[in-house]
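Have a look at the structure below, then the notes.
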Amino acid sequence: MILYLITVYHFEVASGTSTLFIWGAISNFMPILGAFLSDSYFGRFLVISVATTISLMGLVLLWLTSIIQESRSPSCARHSSNCVDPKPSQIALLFTAFALMSIGTGGIRPCSIAFGADQFDNPTNPKNQRILQSFFNWYYASLGISLIIAVTVVVYIQTEYGWIIGFGVPVGLMFVSAIMFFLGTKLYVKVKPNKSLLTGMVQVLVASWKNRHIGLEPDRQRFHYEKGSKLVAPTDELRFLNKACIIRNSEKDLNPDGSSSNPWTLCSVLQVEVLKSLIKLIPIWSTGIMIGVTISQHTFPVLQANTLNRGLFSNFKIPPASFGLFGILTLTIWVAVYDRIIVPRLSKHPTKLQGIPVKTRIGIGLFISCLATAAAALVERTRRARALHEGLADTPKAQVNMSAMWLIPQHCLAGLAEAFNAIGQIELYYSQFPKSMASIAVALFALGMAIANLCGSLIVNIVDFVSKSGGKESWVSSNLNKGHYDYYYWILTCLSVVNLFYFVLCSRGYKCCEQEKVWDEGIGDEEEKTRGVVSGEAAMVDMTNSKDSSSTSMYFSA
């Protein structure tokens, strides 16, 4: 897309990169809205169905910008000073296509992985955690395969046959995928949406504030809990939120059927614990922002590859945008090796591990991301030095006498970092929330990527502004040979190292993911399926009995 913006719409490198970062941010913010709508009102199936249609419309509109000459800037020679900037209406049409694809992404991205997990999730199965872990791994592997096709076949078609055919292929593929999805309508497990989960969390905050003057004496107080729930008393963590579920006066606070008469002053224990899970995840979640910046570095490597010798054999050259393939291959291969070789061997170990602990995987991914940006900085330093030595300072598009294969290590390291960190994040978020909140849990990862894209755009703009002050050449100049992209990568490396130490501190303080937290929705004895209250002392007995003797985490039924 960076090449499309530069060659067809005459964007500068910095502005084009910033535009794509912002587009990526919007695309990653939208899943929060999609997750909220699916989990609270419409269900995942309906949201995926609508989003698929909208996404197809966006792809079709982008395709039309390449077909209709009036929809884009007039053609001109590359690097010509006479190129005409696109009109506002032409930019509006392009951005409308981006917006439709972002909206489609907002519905598909958070719901598809959770919708897939719904088909396999069975809390009564003792192997359920292993099955879900395997599903997440292979979901990412299948995503990797689709990306491999995108950055090889589709990119090759775009490079060799132009944008019209190149954009037409994704339109056709999206149309086929939509048909395939709708053909399975009657076969799917469809989890019903809950009632305004986001509203429920806000209610907890409001109720805890209104009840802030109430003292906390768990042994003497009664708590309001939901029908069919064994979670009848709140935990001691973030105790100030427990005031939201304390019953002060049964006659005033409860309806005859046991429900809360005013949910803005009395919430359920389940609502409180869900909000606690979200709050406790925030520090760990925030550590994923910087690595999101690192794995979103798609534009600059493409421009670098465009200046290097991309010959593979005979007359075949690897398209510049296809070097991302090596990162995707690394991710996919690691997932297969991890799921089919490493995990089975660990499970045979006396400790009976179900794989590398999730926090360890997230941390390993952060460490590898530091190596990826450092490798990128070293390669760019070498490429620039050779370009200047060959007298190519004023001919940035001339080929440097250096193989583009030097870009492979940074792509492989970035792919491996994503394999460890991204899959670990998604698995952690999914395990810490009730099944009915699965889409919102998964959308946390997308939210982190959204903020990462905004941070990436901010970093590029700051580097561009500061480095070119005083009439100097920008470090992220459109002329790669005069710029200093190696300095830019070193900045990312330093930020990534700081983020790694920040993760270590957050990880030590987060103790909730050594075991999967299970919210067994809808499971319970008949005599328990009545809404009610319980004293603090009785509640703690019930909570103790619900613990697994070999586990340090709490298993809730809701």
Side-chain angles (χ1 to χ4, degrees), residues 1 3-5 8 20 23-24 26-28 30-31 33-35 37-38 42-72 92-116 118-119 138-190 298 319 321-322 324-325 328 332 439 442 446:
M1 189 56 66
L3 295 178
Y4 189 63
L5 294 182
V8 177
L20 294 182
W23 180 32
I26 295 173
S27 296
N28 283 305
M30 291 304 294
L33 177 60
L37 293 176
S38 66
F42 304 114
R44 288 188 267 277
F45 173 76
L46 181 58
V47 170
I48 293 175
S49 301
V50 174
T52 298
T53 304
I54 294 175
S55 186
L56 179 59
M57 291 169 58
L59 284 170
V60 170
L61 190 57
L62 180 63
W63 185 30
L64 291 177
T65 65
S66 66
I67 296 175
I68 304 172
Q69 178 63 46
E70 291 75 13
S71 66
R72 60 185 188 276
L93 184 64
L94 176 67
F95 285 2
T96 299
F98 287 174
L100 289 173
M101 285 187 282
S102 293
I103 294 172
T105 296
I108 295 174
R109 186 175 296 174
C111 297
S112 60
I113 187 170
F115 187 70
D118 290 342
Q119 314 307 308
W138 286 105
Y139 178 91
Y140 237 84
S142 65
L143 180 62
I145 293 173
S146 70
L147 290 174
I148 288 172
I149 296 173
V151 300
T152 54
V153 178
V154 177
V155 168
Y156 179 79
I157 291 173
Q158 290 174 345
T159 303
E160 296 297 320
Y161 299 101
W163 300 110
I164 295 177
I165 297 177
F167 285 154
V169 171
V171 170
L173 292 174
M174 188 66 189
F175 178 76
V176 172
S177 70
I179 297 298
M180 294 294 291
F181 174 75
F182 288 118
L183 285 176
T185 298
K186 295 184 179 180
L187 303 177
Y188 300 135
V189 173
K190 301 171 185 175
H298 302 307
S322 291
L325 166 69
I328 300 166
T332 307
S439 297
V442 174

Please report the interatomic distance [atom1]([X]) to [atom2]([Y]), rounded to the nearest 0.5 Å.
| X | Y | atom1 | atom2 | value |
| --- | --- | --- | --- | --- |
| Leu33 | Ser38 | CG | OG | 9.5 Å |
| Thr332 | Leu325 | OG1 | CG | 9.0 Å |
| Arg44 | Leu37 | CZ | CG | 13.0 Å |
| Thr52 | Phe182 | OG1 | CZ | 5.5 Å |
| Ile157 | Thr152 | CD1 | OG1 | 9.0 Å |
| Leu61 | Phe167 | CG | CZ | 11.5 Å |

Looking only at heavy atoms, which two atoms of [X] and [Y] are closest? And how far apart?
| X | Y | answer |
| --- | --- | --- |
| Val154 | Val169 | CG2-CG1, 4.2 Å |
| Ser55 | Ile108 | CB-CD1, 4.3 Å |
| Ser71 | Leu64 | OG-O, 3.7 Å |
| Gly104 | Ile54 | N-CG2, 4.1 Å |
| Thr105 | Pro31 | O-CG, 4.2 Å |
| Ile164 | Ser66 | CG1-O, 3.4 Å |

Would one find more than 12 heavy atoms of other residues, nucleotides or ligands at under 6.0 Å from atom OH of Tyr161?
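Atom OH in Tyr161 is not crowded, with 12 or fewer foreign heavy atoms closer than 6.0 Å.
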Give a yes or no on whether Phe175 atom CZ has more than 12 heavy-atom contacts from other residues, nucleotides or ligands under 6.0 Å away.
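Not buried by this count: 12 neighbours or fewer within 6.0 Å.
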State, with a plain yes or no, whether a side-chain heavy atom of [X] is found less than 4.5 Å away from one of [Y].
| X | Y | result |
| --- | --- | --- |
| Trp163 | Ile67 | no |
| Tyr4 | Thr65 | yes |
| Leu62 | Leu94 | yes |
| Lys190 | Thr185 | yes |
| Leu100 | Val60 | no |
| Ser49 | Phe181 | yes |

Check whether Ser177 reaches the backbone of Met174 with its side chain - one donor and one acceptor, N or O, closer than 3.5 Å.
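Checked: pair present.
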Just checking, is any N or O donor in the side chain of Tyr139 or Ser112 under 3.5 Å from an acceptor N or O on the other one?
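There is such a pair between these side chains.
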Between Phe115 and Tyr188, what is the ring plane arrangement, given parallel below 30°, perpendicular above 60°, and tilted in between?
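Taking Tyr188 first and then Phe115, their aromatic rings stand perpendicular (interplane angle over 60°).
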